[in-house]
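All remarks here apply to the structure that follows.
All values reported here derive from a predicted model rather than from experimental measurement.
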Amino acid sequence: VFVLGLLEVIVNGSVAPNTQKEFTLNTIGVMSTLLLLPLTLKLFLLNTTKGLRRMNKDEALDFYHVWSLIRLVLVTLCIAFNLVIYFMTLNWTGLLCACIGICITIYCLPTRTKVNQYLDVVNEDYIIKS
């Protein structure tokens with residue numbers, strides 16, 4: 001989306017500054033960032049914490065992978081939407097919201113060590129509670 005905006009495939013500045021349309025787009029971008037990003041993190045936590053306890057390691061890895069992809073897709077959609085808003089309005093609000101999404105994406109990238117540590121913690125909690 002960023003490259004499309006730089007190549008002006010997305011019409012840069014198509015929304016006039018200081019108009020109701022610009023305000024509406026920026027408000028939608030900020031609200032989507034404020035609501036969608038924490039919601040995706042919480043949804044991932046709820047689904048993986050409860051779901052992984054009753055699975056063996058292979059099933060748990062597949063389940064964790066699916067929910068990681070869902071989380072990354074939702075965050076990426078939020079980033080793309082805010083980048084489109086940035087290029088349409090040429091207002092820094094969309095770019096700032098996209099940068100927040102990028103920071104969360106970096107935080108969410110699953111690595112093998114993160115996955116193994118997470119699965120070990122979930123399994124330990126399950127053994128202790130049983």
Under the side chain to side chain contact (heavy atoms under 4.5 Å, CB included) criterion, do V75 and I79 qualify, and how do the steps go?
CA-CA 6 Å; V75 172; I79 292 169; 4.0 Å; yes

Go through the steps for L43 and R71 under the test side chain to side chain contact (heavy atoms under 4.5 Å, CB included), then give the verdict.
CA-CA 8 Å; L43 182 67; R71 177 178 60 177; over 6 Å; no

Could you walk me through whether Y86 and L96 pass the side chain to side chain contact (heavy atoms under 4.5 Å, CB included) test, one step at a time?
CA-CA 9 Å; Y86 167 69; L96 178 64; over 6 Å; no

What's the verdict on ring-ring contact (aromatic ring centres under 6.0 Å, His included) for F44 and Y64, showing C-alpha distance, side-chain angles and the deciding distance?
CA-CA 9 Å; F44 174 79; Y64 188 91; 5.2 Å; yes

Given side chain to side chain contact (heavy atoms under 4.5 Å, CB included), test N82 with L95 step by step and report yes or no.
CA-CA 6 Å; N82 280 302; L95 189 60; over 6 Å; no

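Residue L7 is grouped with residue I85 when hydrophobic side chains (ILVMFWY) are merged at heavy-atom distances under 4.5 angstrom, including chains of intermediate members. Under a hydrophobic-cluster definition in which Ile, Leu, Val, Met, Phe, Trp and Tyr are linked whenever side-chain heavy atoms come within less than 4.5 Å, directly or via other members, V66 and L46 are assigned to different clusters. Residues L37 and V84 fall within the same hydrophobic cluster, defined by Ile, Leu, Val, Met, Phe, Trp and Tyr side chains chained together at heavy-atom separations under 4.5 Å. Hydrophobic clustering keeps L36 apart from L72 (ILVMFWY residues linked when any side-chain heavy atoms are closer than 4.5 Å, directly or through intermediates). Using a 4.5 Å cut-off between side-chain heavy atoms of Ile, Leu, Val, Met, Phe, Trp and Tyr, with links allowed through other members, L90 and V11 fall into different hydrophobic clusters.
Here the CE atom belonging to M31 is positioned 13.0 Å from the CG atom belonging to N26, to the nearest 0.5 angstrom. Between the CD1 atom in I102 and the OG1 atom in T76 there is a gap of 9.5 Å [rounded to 0.5 Å]. Put simply, CG on L34 and CD1 on I100 are 7.5 Å apart, with the number rounded to the nearest 0.5 Å.
When each of T93, T89, N91 is tested with E22 by the rule side chain to side chain donor-acceptor pair (under 3.5 Å), just one qualifies, namely N91.
Taking all atoms of both residues into account, the shortest heavy-atom contact from C97 to G29 is SG-O, 4.1 Å.
Ring centroids of F87 and F2 are separated by less than 6.0 Å, placing the two rings close together.
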